[in-house]
Amino acid sequence: MLQMNVEFKTYGWILDKIASMARIKPNDRILDWGSGCGTMLNYFHLKFNTSGIGIDLTEPAVQHSVHHAQPRQQFCHMDGSNMRPFPSESFDAIVSWATLYHIRRTLVQCDVVHHFVRTLKPGGVAYVGHLRTEKTQEYWKKGRCRHENATIVRYRDFKTFHQPSWKRHQFFSVIVTKHKDGKAVAAPLEDS
């Protein structure tokens, strides 16, 4: 679920921007990592006819998601730091908003991103958005998390989403693009 201080009309625009950054297309299979109440995954289903799985550690949020799920959406109560239950190359896209920074250790964050790469189909994109905290910022800014089969790029949320108030909080996002046929796939532009 998006948790931010923006006007309601901006909310849909931000979800569309996330869909663009994650290159979500009709009929894609999506993982929403830290799905909260299921808003983002349901929105993508309604807009793009996607199927997907939402995972979250907060059981009441998962119960709400299950109750309000769109067709072909599943929601599970599970610890997202263990992605082993998901087979390799299961998802066309992975989305996560304001969740990864809850894992305090940056090396564990990187391990989760490596599992994102494993579970993405070739050419797939993981959008990991709205991160914060100085330690996390420094780690990702210096490009310390790398993967031989993916391109990992850091973006500044205030620029991408045209929200000047986010600049002072130094919110940022990470885009992970899995290589296809052994070749790097270009990441989306920051201000696209």
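Computation of the quantities below employed the complete heavy-atom set of this structure, encompassing side-chain atoms and omitting hydrogens, waters and symmetry-equivalent molecules.
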Judged by atom type as modelled, is there a donor-acceptor pair below 3.5 Å linking the side chain of [X] to the main-chain atoms of [Y]?
X: H114; Y: R146; result: yes
X: S65; Y: C37; result: yes
X: R23; Y: A93; result: no
X: D92; Y: R29; result: yes
X: W33; Y: I94; result: no
X: K178; Y: P122; result: no
X: N82; Y: R84; result: yes
X: H45; Y: S51; result: no

Do [X] and [Y] have side-chain heavy atoms sitting under 4.5 Å apart?
X: F44; Y: D32; value: no
X: Y127; Y: I24; value: no
X: D56; Y: S35; value: yes
X: N42; Y: Q73; value: yes

>> One pair to check against side chain to side chain contact (heavy atoms under 4.5 Å, CB included): I30 and M40. What are the steps and the verdict?
In response: CA-CA 10 Å; I30 301 170; M40 193 164 16; over 6 Å; no

>> Run the ring-ring contact (aromatic ring centres under 6.0 Å, His included) test against H179 and tell me which residues pass, sequence neighbours left out.
In response: none

Could you tell me which non-hydrogen atom of [X] sits nearest to which non-hydrogen atom of [Y], and how far apart they are?
X: L57; Y: D79; answer: CD1-CA, 3.9 Å
X: V108; Y: S81; answer: CG1-CB, 4.5 Å
X: G12; Y: Y43; answer: O-OH, 3.6 Å
X: V117; Y: A150; answer: CG2-CB, 3.6 Å
X: V125; Y: M21; answer: CG1-O, 3.5 Å

> Hey, mind stepping through Q70 and L46 against side chain to side chain contact (heavy atoms under 4.5 Å, CB included) and telling me if it holds?
Replying inline: CA-CA 8 Å; Q70 294 295 317; L46 293 171; 3.3 Å; yes

>> Could you walk me through whether D16 and K47 satisfy the salt bridge (charged side-chain N to carboxylate O under 4.0 Å, His left out) test, starting with their C-alpha distance in whole Å, then the side-chain angles of each, then the deciding distance to 0.1 Å, before giving a yes or no?
In response: CA-CA 9 Å; D16 288 341; K47 183 141 190 177; 3.1 Å; yes

> Parallel, tilted or perpendicular: which fits the ring planes of F91 and F86, with parallel below 30° and perpendicular above 60°?
Replying inline: perpendicular

>> Between N149 and R118, do the side chains contain a donor N or O and an acceptor N or O under 3.5 Å apart?
In response: no

>> Could you go through V66 and V62, starting from their C-alpha distance and side-chain angles, then the distance that decides it, and tell me whether this counts as side chain to side chain contact (heavy atoms under 4.5 Å, CB included)?
In response: CA-CA 6 Å; V66 168; V62 173; 4.3 Å; yes

>> A quick test of your reading: do over 12 heavy atoms of other residues, nucleotides or ligands sit less than 6.0 Å from CD of E89?
In response: yes

Can you measure from [atom1] ([X]) to [atom2] ([Y]) and round to the nearest 0.5 angstrom?
X: S90; Y: L31; atom1: OG; atom2: CG; value: 9.0 Å
X: L41; Y: T50; atom1: CG; atom2: OG1; value: 6.0 Å
X: S88; Y: H115; atom1: OG; atom2: NE2; value: 10.0 Å

> Taking only residues at least two apart or on different chains, which pairs with a member in residues 52-74 satisfy ring pair (Phe, Tyr, Trp, His ring centres under 6.0 Å)?
Replying inline: H64-H68

